[in-house]
Amino acid sequence: MRAIHLIGASVALAAVAAGASLARQAQPAPANPAQPTVAARANSLLPNMQALFDGYVADGKMPGVTGAFGFGDRPTLFVSAGRISDDPGAAPAGPDSLWRVYSMTKPITGMAAMILVEEGKIRLDDPLSKYFPAFANMRVLTSPDTSLDSVPAKNQITIRELLTHTAGLSYNIIAKGPLLKEYERLGILPGAVNAQMEAQARKARPATLAEFADRVAQAPLIAEPGTKWSYSIGLDVMGAVIEKASGMPFDRFVQTRLLDPLKMNSTYWTVPASAAGRLSTNYIFVGDKRTPIDAGAASAWLSPPSFPYGGAGLVSSARDYDRFLHMLQDGGTLDGVQVMKPETAALAMSNLMPPGVVFGGIGGGTGGNMSAKMGFGAGGSVYLEDGPGGLPSKGTYGWGGAAGTVAWVDPVKKVRGTVMVQYFPAEKWPLRAEVVGALTKDVARFRR
């Protein structure tokens with residue numbers, strides 16, 4: 001369930017050059033956004049993207065895929081191919097199909113936290129122990145991969161460090177050896193794969209976010225707080241802080257302060273029966289063989305989780321996630337509804353890491369191929385400079401999910417993109433990189 005980040009930042013920059021021309025050719029959205037005219041318009045404007053998606057489905061690499069691409073405040077362009085599963089009669093993939101976004105939950109949790117920062121209920125440099133005293137006296141492992149031997153931490157974990165994966169926390173999907181066993185013993189397992197694995201995890205996992213946070217405090221850290229970037233359960237712990245600071249359940253806070261105002265009506269911690277027919281099946285590859293690991297009709301997401309997982313718990317649609325990105329693109333406001341101030345959105349998408357800490361990416365799709373200096377904001381990475389030729393663009397923010405989804409937004413040049421697919425491992429196919437090339441070609445058509 002490892003989350004691999006690959007912002008299509010090159011996509012964003014390539015799109016910018018001709019985005020205005022593309023936007024001029026897009027007509028106003030019809031009253032019913034699901035009407036075929038929207039798909040037809042996207043097909044005519046983004047033919048290379050359509051061909052890319054069609055090719056992946058035709059080659060049997062995935063049952064279906066959907067992308068949402070936005071240019072300024074013009075109507076979002078949706079491109080889809082295939083179906084939401086291999087099952088006979090499965091619904092076509094489309095803007096309102098439902099996908100497990102896994103770690104693309106993290107930016108949503110991050111923005112929920114920033115709303116409380118804006119209101120003065122949380123401060124970025126507050127110690128975590130202010131909200132959960134059990135974190136006051138943490139210990140740091142001396143050999144994280146091989147031993148639980150530890151020494152007292154010199155620094156307190158802060159809210160800033162939770163948001164940026166610099167708190168010294170680990171992750172059950174990354175931890176090894178004795179630390180992994182300790183996480184499993186404590187039930188520090190904030191995520192779902194399928195109904196069967198979820199049933200097993202519940203036996204060890206705490207039933208509430210508050211208890212989850214207290215159990216995390218019992219485990220040693222892998223690094224001194226504020227000294228190292230390490231992918232972690234920080235955003236799950238952040239959900240507990242949001243719950244404590246806001247005075248309402250974490251999922252209700254997200255619903256009332258983000259999802260409802262943004263009309264993200266297809267984003268769920270638990271998929272209701274009325275929407276179950278839109279839920280895709282998640283697959284796992286062993287070699288080139290694709291096998292269902294969480295069928296939509298029997299998914300873990302059809303039942304409530306132990307608690308809302310702030311790091312990997314949401315199901316969403318391409319249309320909904322585009323609305324979230326559109327809000328960030330426009331400085332915290334969408335359709336006249338403000339969910340945060342422009343300065344809060346800008347701060348959230350800036351480099352929030354402690355001084356001297358460097359983000360080097362995770363996985364071969366990021367750290368090995370980074371073309372520009374990057375930092376980390378509230379739950380997502382951010383480019384700190386333009387890459388060669390202006391690609392990627394400074395200020396581009398986003399993140400990806402373990403099952404292949406990815407999303408990014410360039411709030412300066414006002415372009416954004418979301419790609420929804422569903423398979424483990426996310427890097428099985430080079431879809432994310434090829435989206436860059438397809439969109440670049442499509443936009444280039446409008447420069448001639």
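- In terms of the salt bridge (Lys or Arg N to Asp or Glu O under 4.0 Å) criterion, D320 has no residue partners (sequence neighbours excluded).
- Residues I157 and L162 form a side-chain contact, since some pair of their non-hydrogen atoms from C-beta on lies under 4.5 Å apart.
- For residues 298-309, no pair satisfies salt bridge (Lys or Arg N to Asp or Glu O under 4.0 Å), with sequence neighbours left out.
- Using a 4.5 Å cut-off on side-chain heavy atoms (C-beta onward), K394 and Y383 make no contact.
- The 12-atom threshold is not exceeded at CG of N137, counting heavy atoms of other residues, nucleotides or ligands nearer than 6.0 Å.
- Between L334 and V339, the closest side-chain pair of non-hydrogen atoms is not below 4.5 Å.
- Residues M248 and R257 fail the side-chain proximity criterion, which asks for heavy atoms closer than 4.5 Å.
- For K121, the salt bridge (Lys or Arg N to Asp or Glu O under 4.0 Å) test picks out E119, with sequence neighbours left out.
- By the side chain to side chain contact (heavy atoms under 4.5 Å, CB included) test, A217 pairs with A134, F135, M138, sequence neighbours left out.
- For the pair V337 and L262, the minimum side-chain heavy-atom distance is 4.5 Å or more.
- Note on residues 233-256: pairs passing side-chain hydrogen bond (donor to acceptor under 3.5 Å, both in side chains), not counting sequence neighbours, are Q255-D260.
- Applying the ring-ring contact (aromatic ring centres under 6.0 Å, His included) definition to pairs two or more places apart or across chains, none involves residues 175-195.
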All N/O donor-acceptor pairs, side-chain side in residues 297-305, below 3.5 Å, sequence neighbours left out:
unit_1: S299; atom_1: OG; unit_2: D294; atom_2: OD2; d: 2.6
unit_1: S299; atom_1: OG; unit_2: W301; atom_2: N; d: 3.0
unit_1: W301; atom_1: NE1; unit_2: G313; atom_2: O; d: 2.9

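- Listed for the R100 side chain is no donor-acceptor partner under 3.5 Å among the backbone atoms of V193.
- Counting non-hydrogen atoms of neighbouring residues, nucleotides and ligands closer than 6.0 angstrom, the NZ atom of K341 reaches no more than 12 such neighbours.
- Scanning for side chain to side chain contact (heavy atoms under 4.5 Å, CB included) contacts around S85 gives D87, A90, T281, Y283, with sequence neighbours left out.
- Evaluated for a ring pair (Phe, Tyr, Trp, His ring centres under 6.0 Å) with Y102, the options Y423, Y309, F424 yield exactly one hit, F424.
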Return all side-chain donor-acceptor pairs below 3.5 angstrom for residues 343-359, not counting sequence neighbours, or 'none' if the list is empty.
unit_1: T344; atom_1: OG1; unit_2: E118; atom_2: OE1; d: 2.6
unit_1: S350; atom_1: OG; unit_2: L347; atom_2: O; d: 2.6
unit_1: N351; atom_1: OD1; unit_2: M353; atom_2: N; d: 3.4
unit_1: N351; atom_1: OD1; unit_2: F376; atom_2: N; d: 3.0

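- In this pair, W429 and F285 present their aromatic rings perpendicular. The plane angle is above 60°, beyond the 30 to 60° band.
- Applying side chain to side chain contact (heavy atoms under 4.5 Å, CB included) to E184 and the options L189, N172, L179 leaves one that passes, L189.
- Listed by chain and residue number, nothing satisfies the salt bridge (Lys or Arg N to Asp or Glu O under 4.0 Å) test with D59 (two or more places apart in sequence, or in another chain).
- Between L46 and F53, every side-chain heavy-atom pair lies at or beyond the 4.5 Å cut-off.
- The OG atom of S103 lies 11.0 Å from the CG atom of L314; values are rounded to the nearest 0.5 Å.
- Using modelled atom types, one finds no donor on one side chain facing an acceptor on the other under 3.5 Å when comparing R323 with T76.
- A 4.5 Å side-chain heavy-atom check between D288 and K61 finds every atom pair outside the cut-off.
- No side-chain heavy atom of I188 sits under 4.5 Å from any side-chain heavy atom of E182.
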task: Apply side chain to side chain contact (heavy atoms under 4.5 Å, CB included) to the pair R290 and D86, showing each step before the final yes or no.
output: CA-CA 10 Å; R290 187 176 69 233; D86 291 321; 2.7 Å; yes

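- A side-chain donor-acceptor contact under 3.5 Å links S266 and R278.
- Pairs of residues two or more places apart, or lying in two chains, never qualify as ring-ring contact (aromatic ring centres under 6.0 Å, His included) while including a residue from residues 110-131.
- In this structure, the salt bridge (Lys or Arg N to Asp or Glu O under 4.0 Å) partners of D126, at least two apart in sequence or on a different chain, are K130.
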